[in-house]
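Sequence lines set the chain letters: A, B, ... in the order given, protein chains first and strands last, and positions in each chain run from 1.
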Number of protein chains: 2
Amino acid sequence: MPTIKDVAEKAGVTVTTVSRVLNNRGYISEATRNKVYRVMKELDYQPNELARSLFRGKSNLIGLIIPTVSHPFFGELSAYIEGYAHSKGYKILLCNSQLEREKEIEYIDMLKRHQVDGIIMASHTIEVDEYSKVNLPIVTFDRRIKEKIPYVSSDNYQGGKLATNLLIDKGCKQIAHICGNLSLDLLANKRNEAFVATAQERGIKFHTVQTEINVFETKQYERLILELFSEHPNLDGIFASSDLIAASAIKICYQLKKEIPDEVRIVGYDDTNIASLVTPQITTIRQPIEMMSKLAMELLIKQMNEEKVTVENILPVTLQERETT
Amino acid sequence: MPTIKDVAEKAGVTVTTVSRVLNNRGYISEATRNKVYRVMKELDYQPNELARSLFRGKSNLIGLIIPTVSHPFFGELSAYIEGYAHSKGYKILLCNSQLEREKEIEYIDMLKRHQVDGIIMASHTIEVDEYSKVNLPIVTFDRRIKEKIPYVSSDNYQGGKLATNLLIDKGCKQIAHICGNLSLDLLANKRNEAFVATAQERGIKFHTVQTEINVFETKQYERLILELFSEHPNLDGIFASSDLIAASAIKICYQLKKEIPDEVRIVGYDDTNIASLVTPQITTIRQPIEMMSKLAMELLIKQMNEEKVTVENILPVTLQERETT
DNA sequence: TTGTACGCGTTATCAA
DNA sequence: TTGATAACGCGTACAA
């Protein structure tokens, strides 16, 4: 790879001059400017961003920590985030934590060593204390860390309420919420609060089932749902806290020959692409993933520019009624 | 962020000494070693990888260019690749090309500027010539560029053959292949070659439908499949070149009240997570995504170490029979 | 066992 | 309008 020095020599000028035409700074005669440009083309010169970043104290790198990009929600989130980042001149370092505490910590350290300008954190197994060590702009998804760290989320309580009310309105008498592990300190837990409150308020029998920390094993979902039905054969409504879980529920109902939506109604969450793709199409609570991604990037960039940011950023959810209710 | 200089001063030694304990080079007394370690902890010192990379001429960064991480196949691929990269000390710069030519080129330049040690290329809209400009280790997914660039793929011809034969064996009389755009120079096109050859050989009526370049629009799939059935109402077998397309086919059959697998049989491709998640579960051709990811990383690392690599790396596919046939 | 000095590729300051 | 030089943070000869 040619360096600025090679360009300078070949063009018969000094590196200063080359740097000037590169960055459009100061006065340069048209003649030398053209000569330098020509040599840059000839050599296919690309400025070394490592050296630039080192000098400037800014890398234009952003770390993205998620459980895994193979989960539809995080895959879609990552795609949007990368897109917005790219349009703002930032690059994404991808980190799949698998929801393992050690990995999250290790990744954070790695990102700091690589001088990222900020971190988007959407995996939350580490303790709140760990965040104080990160002296970097952070934006969090779905978790409130402390007063200062801005977080992006959607209205989880409202989502839980919409889902639960819909099931009851449709005539369900005994409902269950299958959600992530409640020991993780996530705003998503508000879905279950809403579920419980709504069911109690309306006098409907209800159950909550938590998945294990490790999110992505669909086999696990299937086992849990199978157990749920064997314990509660009259269950007629399921609020699944992701479209993936909802799809698993559909599968089990099919196995148990329970008609959807006649015998069992199901509401999913997220409205990822699969929700409207599977058969029957999943009634779900839509999170505005694209808006959330955009907002996260904006909040991060504002912090990098030392502008003020609002800490709480909760976007509205909407009910997407389809075929499972 | 504290630098090596800060550590040196606080520990009462020079930067050389700190660098030595950091990299375990040369002789150091236990006393100073411990002192330096202690100061590093106190200051929460993290070595600046930008500076290290600049000095070493090696960034430990790898660029990953895919159409979009929100597509299940590429999401799973990315997750595996990032995992293997991480275990080998490499970090992934994520690039979603959206299958746009300009973006691919732009991303390649960006990656070069950032001094990545190699590129994994799984998005293929650019011309073969463009690759000669990339003087970097590359591994390609599913495309043969020229003699020298190693590529990872699975046995597409065999996959097409397995799928087509299965449909015919099960009794289909008129079949269609819905595949990606054949104008892209991909090894995946061999699936269609196999489809055509097998159908002709066995004397079965067949059709090929290509999607538009822009891969991910499931609405597009649905429209195409709807058109397909309206033109060929007696169609009773579909070979879908991804599980996503297969899911769309299921959806349309459901709309048209065609029973699966009695009236229409469907075979998907990839065996991504959704294949066994949806209802009915998709019979599909399994690509060994995990092995392919691992192999790609290994091939890349070998190139970086200037070891010899085999150019053609084709892994076997397997038929996963499920409920759509 | 530890320190001095230089270079990695770039940009900004100051001089010419 | 252009050039020489220091600095960004780090690692390694070479010297002490």
Side-chain angles (χ1 to χ4, degrees), chain A residues 1-37 39-40 43-61 89 109-117 135-136, chain B residues 1-37 39-40 43-61 89 109-117 135-136:
Chain A
M1 293 270 277
T3 72
I4 199 172
K5 218 170 155 183
D6 300 317
V7 177
E9 277 177 22
K10 188 152 184 181
V13 295
T14 62
V15 292
T16 312
T17 308
V18 178
S19 177
R20 278 216 189 82
V21 334
L22 206 55
N23 300 289
N24 272 319
R25 293 220 204 298
Y27 294 105
I28 301 167
S29 75
E30 272 308 303
T32 50
R33 179 192 300 273
N34 290 333
K35 189 165 49 180
V36 170
Y37 272 140
V39 175
M40 295 204 299
L43 266 46
D44 189 29
Y45 167 72
Q46 309 266 10
N48 184 329
E49 287 295 335
L50 253 36
R52 288 181 138 181
S53 299
L54 180 60
F55 181 85
R56 295 186 185 138
K58 173 156 167 107
S59 65
N60 288 313
L61 254 33
D109 279 352
M110 181 276 274
L111 292 172
K112 286 173 74 172
R113 285 197 299 274
H114 277 271
Q115 314 298 117
V116 296
D117 296 333
N135 286 314
L136 271 176
Chain B
M1 292 268 279
T3 74
I4 199 172
K5 216 169 157 185
D6 300 318
V7 177
E9 278 177 21
K10 187 152 183 180
V13 295
T14 61
V15 292
T16 313
T17 308
V18 178
S19 177
R20 279 215 189 81
V21 334
L22 206 56
N23 300 289
N24 271 318
R25 293 226 200 296
Y27 295 105
I28 300 166
S29 75
E30 271 308 303
T32 50
R33 180 191 298 276
N34 290 333
K35 188 166 50 180
V36 170
Y37 271 140
V39 175
M40 294 204 300
L43 265 47
D44 187 30
Y45 168 72
Q46 310 265 8
N48 184 329
E49 287 295 334
L50 253 36
R52 290 181 135 181
S53 300
L54 182 59
F55 178 84
R56 293 186 185 137
K58 177 161 164 98
S59 65
N60 289 312
L61 253 33
D109 279 351
M110 181 274 277
L111 292 172
K112 286 174 76 173
R113 286 197 299 272
H114 278 271
Q115 313 298 115
V116 296
D117 296 333
N135 286 314
L136 270 176

Min side-chain heavy-atom separation A:K112-B:D44 under 4.5 Å: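 With C-beta onward as the side chain, the pair touches.
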Exercise. Between A:R113 (CZ) and D:dC10 (P), how many Å, whole number?
Worked result: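 A:R113 atom CZ is separated from D:dC10 atom P by 12 Å.
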Below 4.0 Å: OP1/OP2 of D:dC10 and any side-chain N or O of B:Y45: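 For D:dC10, OP1/OP2 do have a side-chain N/O of B:Y45 under 4.0 Å.
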How would you label the contact of A:S53 with the nucleic acid (heavy atoms, under 4.0 Å): base, sugar-phosphate, or nothing?
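Nothing, no heavy atom under 4.0 Å.
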- request: Would you confirm whether B:S53, through its side chain, and B:E49, through its main-chain N or O, come within 3.5 Å as a donor-acceptor pair?
  value: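 Flag set: sc B:S53 to bb B:E49 pair under 3.5 Å.
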#### Entry: Neighbours of DNA chain C within residues 11-20 of chain B, by heavy-atom distance under 4.0 Å
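Contacts with DNA chain C under 4.0 Å: B:V13, B:T14, B:T16, B:T17, B:R20.
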Quiz item: Contact class for B:L22 (heavy atom, under 4.0 Å): base, sugar-phosphate, or nothing?
Solution: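 Sugar-phosphate only.
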request  = Answer yes or no: does a side-chain N or O of A:S29 lie under 4.0 Å from OP1 or OP2 of D:dT2?
outcome  =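 True: A:S29 side-chain N/O within range (under 4.0 Å) of D:dT2 OP1/OP2.
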Checklist entry - Which distance, rounded to the nearest 0.5 Å, do you find between the CD of B:Q46 and the NE2 of A:H114? => result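 Result: 11.0 Å between the selected atoms.
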Establish, with yes or no, whether the OP1 or OP2 oxygen of C:dA12 is under 4.0 angstrom from a side-chain nitrogen or oxygen of A:R25.
->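 True: A:R25 side-chain N/O within range (under 4.0 Å) of C:dA12 OP1/OP2.
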Note to self: Within a 6.0 Å radius of atom NZ on A:K58, are there more than 12 heavy atoms belonging to other residues, nucleotides or ligands?
What the structure shows: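 Yes, enclosed.
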Next on the checklist: Both B:I28 and A:F55 contact DNA chain C. Taking the nearest nucleotide for each, which residue is further toward the 5' end?
Outcome noted: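 The residue closer to the strand's 5' end, by nearest nucleotide, is B:I28.
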**Study point:** For atom CG of A:L50 and atom P of C:dT11, their distance in whole Å
**Key:**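 Atom-to-atom, A:L50 to C:dT11, this comes out as 13 Å.
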### Query
Between A:R52 and C:dG9, does any side-chain N or O lie under 4.0 Å from OP1 or OP2?
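For C:dG9, neither OP1 nor OP2 has a side-chain N or O of A:R52 closer than 4.0 Å.
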Item checked: Separation of D:dG9 C1' from A:L54 CG (nearest whole Å) ->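 In whole Å, D:dG9 C1' and A:L54 CG are 6 Å from each other.
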How many whole angstroms separate atom CE of A:M40 from atom P of C:dT10?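 Whole-Å distance recorded here is 11 Å.
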For B:S59 versus B:V116, what's the shortest heavy-atom pair and its separation?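 For B:S59 versus B:V116, the nearest heavy atoms are OG-CA, 3.6 Å.
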Check this one for me: any side-chain N or O of A:N23 less than 4.0 Å away from OP1 or OP2 of C:dT11?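 For C:dT11, OP1/OP2 do have a side-chain N/O of A:N23 under 4.0 Å.
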Check your understanding: In Å, rounded to the nearest 0.5 Å, how long is the span from CG of B:L22 to CZ of B:R52?
Key ->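 Here the interatomic distance stands at 5.0 Å.
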Close side-chain approach of B:N48 to A:Q115, heavy-atom, < 4.5 Å:
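SC-SC contact between B:N48 and A:Q115 confirmed.
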Distance check needed: C:dG7 C1' versus A:N48 CG, whole Å only.
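In whole Å, C:dG7 C1' and A:N48 CG are 14 Å from each other.
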Q) Within this structure, what is the NZ-to-P distance between A:K5 and C:dT11, rounded to whole angstrom? A)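 Between P of C:dT11 and NZ of A:K5: 15 Å.
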*What is the distance from CD1 of A:I4 to P of C:dT10, rounded to the nearest Å?*
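After rounding, the reported distance stands at 5 Å.
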For this session: Rounded off to whole Å, could you give me the OH-to-C1' distance for the B:Y27 and D:dA16 pair?
Result: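 Atom OH in B:Y27 sits about 17 Å away from atom C1' in D:dA16.
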